[in-house]
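Hydrogens, waters and symmetry mates play no part in the numbers below; they use all other heavy atoms, side chains included. Numbers here are sequence positions counted from 1. The structure displayed is predicted, hence computed values, not measured ones. First listed ligand is number 1; within each ligand, the first listed atom is number 1.
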Amino acid sequence: MPPKIDTRKCTGCAGREESFCENICPGDLMAVSAESGKAYCRTPSECWDCMSCTKACPNGAIETRIPYQLGYFKASLRPIMGKKSITWKCRDIHGNEKTYKYVNRLD
Ligand code: SF4
Ligand code: SF4
């Protein structure tokens with residue numbers, strides 16, 4: 001499933017030569033629209049859900065929709081990066097949300 005952009009949160013990484021999501025995507029799939037100034041995935045069928053763009057966005061504007069084989073279309077997963085941890089917000093098909101926080105750097 002391609003990433004879903006919250007256009008209210010996406011700033012287009014204004015002021016940067018290349019947005020964080022464009023810069024990190026291993027498939028070069030992310031772009032910022034010249035018209036709207038918002039990010040989008042230009043080839044959704046080629047996205048392999050690595051979630052790099054989701055983690056890299058400093059505004060939490062990207063979420064991953066969980067494919068129906070795993071959680072049905074309304075389910076989603078959204079990471080919030082901390083300096084030494086990552087917090088995952090998981091929403092199921094009924095809108096119930098659970099939060100999981102993991103330390104990912106011990107130095
Ligand atoms: S990194 Fe986030 S704020 Fe920046 S262009 Fe991508 S979605 Fe928008
Ligand atoms: S999830 Fe991975 S492959 Fe898909 S658009 Fe984001 S960075 Fe690219």
Residue pair [X] / [Y], side-chain heavy-atom distance below 4.5 Å:
X: W88; Y: T99; answer: no
X: K55; Y: I86; answer: yes
X: E63; Y: I5; answer: no
X: T43; Y: M30; answer: no
X: N59; Y: T11; answer: yes

Note the single closest protein heavy atom to [atom], along with its residue, its atom name and the distance in Å.
atom: atom 2 (Fe) of ligand 2; value: C50 SG, 2.3 Å
atom: atom 4 (Fe) of ligand 2; value: C47 SG, 2.4 Å
atom: atom 8 (Fe) of ligand 2; value: C25 SG, 2.4 Å

Are M51 and Y102 linked, directly or through intermediate hydrophobic residues, by side-chain heavy-atom contacts shorter than 4.5 Å (ILVMFWY only)?
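Yes, Y102 connects to M51 through the hydrophobic network.
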When clusters are formed by joining ILVMFWY residues with side-chain heavy atoms under 4.5 Å apart, either directly or through shared neighbours, do M81 and Y100 land in the same one?
yes
One finds that the ligand 2 atoms under 4.0 Å from a non-hydrogen atom of M51 are 1 (S), 2 (Fe)
Distance to the ring centre below 6.0 angstrom and angle to the axis at most 45 degrees; does that hold for R16 and F20?
yes
Cut-off under 2.8 Å, centre atom 6 (Fe) of ligand 1, protein N/O/S atoms:
C21 SG
